[in-house]
Amino acid sequence: MASMGKVFPPLVLLNPKYKPCYPGRVASRNTKSVIKNCFNEKYFVQEKLEPLWDDGYGSQTAKDYLEAAKDMIRPDNGPPRWFCPIESGPPIKNSPVLLFLPGIDGLGMGLILHHKALGKVFEVRCLHIPVYDRTPFEGLVKFATDAVRSEHASVPNRPIYLVGESFGGCLALSVAAFNPTIDLVLILVNPATSFNKSQLQPILPFLEACPKGLHKFIPYLFGLSLGNPIKMANVQVNSPLSPTKKLENLFLDVKALVEGATLLADILPKETLSWKLKSLKSGAAHANSHLHAVKSEVLVLASGNDNMLPSAAEARRLLGLLKNCKVRDFYHNGHTLLVEDGINLLTIIKGTNKYRRSKTHNFVSDFLPPSKSEFKETFDEHLGLFRLATSPVMFSTLENGKIVKGLSGIPDQGPVLLVGYHMFFGTEIGAIVEEYLREKKIMLHGVAHPEIFAENIEAPLQVISGFDRFRVFGAVPVTARNVFKLMSNKCHVLLYPGGVREALHRKGEKYKLFWPEKPEFVRMASKFGAKIVPFGVVGEDDIMEQFLDYNDLMKIPLVKEFISQRNTVLSRVRGGTQITGEVGNQDFFVPGIYPKIPGRFYFLFGKPIETKGREELLKNKELCKELYLQIQSEITRNIDYLLKKREDDPYRHVFERTMYRALSGAVHQIPAFDP
């Protein structure tokens, strides 16, 4: 093992893309210097990110990992050390520290696709374990623990993130077990705690008996089983290039990755590979024996096609053993999950509500707006067909009462409260959020049912779900406290007073409002002088028809019992003695529907209602109620207007829109009726 007091050259000399976390004349085992000097330059620090910021996803690929590895495997006789990728800084104000603990390669470059995105909201520091270093697992645990404790002593009220990949997952769990009082958030990517059940076990005796001349083939085979080269090379395919150029780049990248697998013989020479596998075995045993002591938040990311470890089964095991654990499963990905296409680590952290800058998660102050790549992936790819089928068109009302196409009638300056009708299944929400971002570049926060954020909906294993996307795009639980925070921060807020009852209405109830009697949101808006924008939306009857509703289902004894039992454990917004009648019936159920040949979604946002300077609304219940009824009436008028005017739209039906889309322009540019 290298001497702790030896002076080592800074890592930046190995590769100019990466800077050391310590000055050149300080030994890298001086953890305090490691931490304190990571960002010793003076930078302009942003207060916050703007919507549709550039997260750099797709600018780096696994090919870049191989290029960086060529520089970083050069022997320097140094011990483990931390480094900060140049692309990763500086982060926004009060960002937490993220320590990356690498897999068996030890290079610390496993986050290369995510350096820029993570570096906007974390102080990213990566652990580099040189090829010929022989620090035992317990020594690495101590090294990482020293860094964690030093950072905690410096900023005790901020969480520390440990991202552990494979071998690094064992390291992260062991560090957490030894530091139960420190606020740690663990993100484990295919953790190697299942090493005793993996295909790596038989390699150990074979490796020791293998002649040196044949060893060069072992890392090659080892590399081919790490992941799918097509998925690794596919990261840049979504870039704005011609199909021919994309195919050409894909072919070249796959070729480079397959050829680059031989580089593993240099990253893991025979003695190093033998040492790493033994360290992996002891590390897995160490982590498993200390799982009972882990008190930290844990997020496990598991690949379904992992040929190295039984990661999916291991995720289920850890979910049952760890007290505060979530799992996200990626069925079609391999062991090297973080360098494969479609995996944006920051999106996953945001979608699982794991990002925070203090001891508890705050839905408002900890919110990070969506990036360009998240916007594109969600609305162009994930919801692309639905957008094409419904082709939403928006109209708004100017101060002079004129109706115009687009959202120019909605004020840019907040606080603004959009209040409207909730279509069946809430199918209109995505279109509003998308157009708000596309046209106004403003984040619209929808206040959603608390059940979306409850632990009840967490399946044992799931991919990034629709609920995760809600969180990424600004949804917050509908509570008075959250609405208060949003209003006080001058945000744009989307509210549906009709709630679940309106979104799951019965047959014959489409376009009918189910609002409670109390005008709660009017008083809240007037307290902050918010502008209230009532809106109507139509189109649900043009895409689906309901043939089995709540009343029908409750006539079937077994189904009635199931619905009743299911709803007893769900979070409630209204019900019981608070609100009676149909409005208070907020039961969740799955209705019977059949699709129709798609029509179109139409939105009309009414003239903004000013509450600033109307303090009497806070004191006079009658005036407050009067404004509440006025807003309901305005929404109903907007719905009636759209139902009538859509008959004049030459592009109401999907066939005409498809022809226009093929010949002329994008979905959001398709014409509609003249208002």
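Note that CZ of R316 and CG of L318 are 12.0 Å apart. Values are rounded to the nearest 0.5 Å. With rounding to the nearest 0.5 angstrom, the CG atom of L486 is 10.0 Å from the CG atom of L444.
The aromatic rings of F143 and W82 sit parallel to each other, their planes meeting at less than 30°, with 60° as the upper class boundary.
Side-chain atoms of N482 come within 3.5 Å of backbone N or O of P477 as a donor-acceptor pair. Judged by distance alone, with hydrogens and angles left aside, the side-chain atoms of S150 form no donor-acceptor pair with the main-chain N or O of A147 at under 3.5 Å. Looking at H445, its side chain does come within 3.5 Å of a backbone N or O of G474 through a donor-acceptor pair.
Residues in residues 166-181 take part in no salt bridge (charged side-chain N to carboxylate O under 4.0 Å, His left out) pair, two or more places apart or across chains. Sequence neighbours left out, the pairs with a member in residues 108-118 that pass salt bridge (charged side-chain N to carboxylate O under 4.0 Å, His left out) are D54-K116. For the side chain to side chain donor-acceptor pair (under 3.5 Å) condition, no pair includes a residue of residues 89-102, sequence neighbours left out. The salt bridge (charged side-chain N to carboxylate O under 4.0 Å, His left out) pairs that include a residue from residues 163-178 number zero, where partners must be two or more places apart or lie in different chains.
Look at R356 and D366 and you find no salt bridge, because none of the NZ, NE, NH1 or NH2 atoms lies under 4.0 Å from a carboxylate O. The pair E50-K441 does not meet the salt-bridge criterion, since no charged nitrogen lies less than 4.0 angstrom from a carboxylate oxygen. A salt bridge does not link D105 with K276: every distance from a Lys NZ or Arg NE/NH1/NH2 to an Asp or Glu carboxylate oxygen is 4.0 Å or more.
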Show which side-chain atoms of residues 171-179 pair as donor or acceptor with protein atoms under 3.5 Å away, not counting sequence neighbours.
residue, atom, partner, partner atom, Å
S174, OG, C170, O, 3.2
S174, OG, H286, ND1, 2.9
N179, OD1, R149, NE, 2.7
N179, OD1, R149, NH2, 3.3
N179, ND2, V175, O, 2.7

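Of the N and O atoms on the side chains of H335 and D306, at least one donor lies less than 3.5 Å from an acceptor on the other residue.
Under the salt bridge (Lys or Arg N to Asp or Glu O under 4.0 Å) criterion, R158 pairs with no residue, sequence neighbours left out.
Ring-centre distance between F122 and Y355: below the 6.0 Å cut-off.
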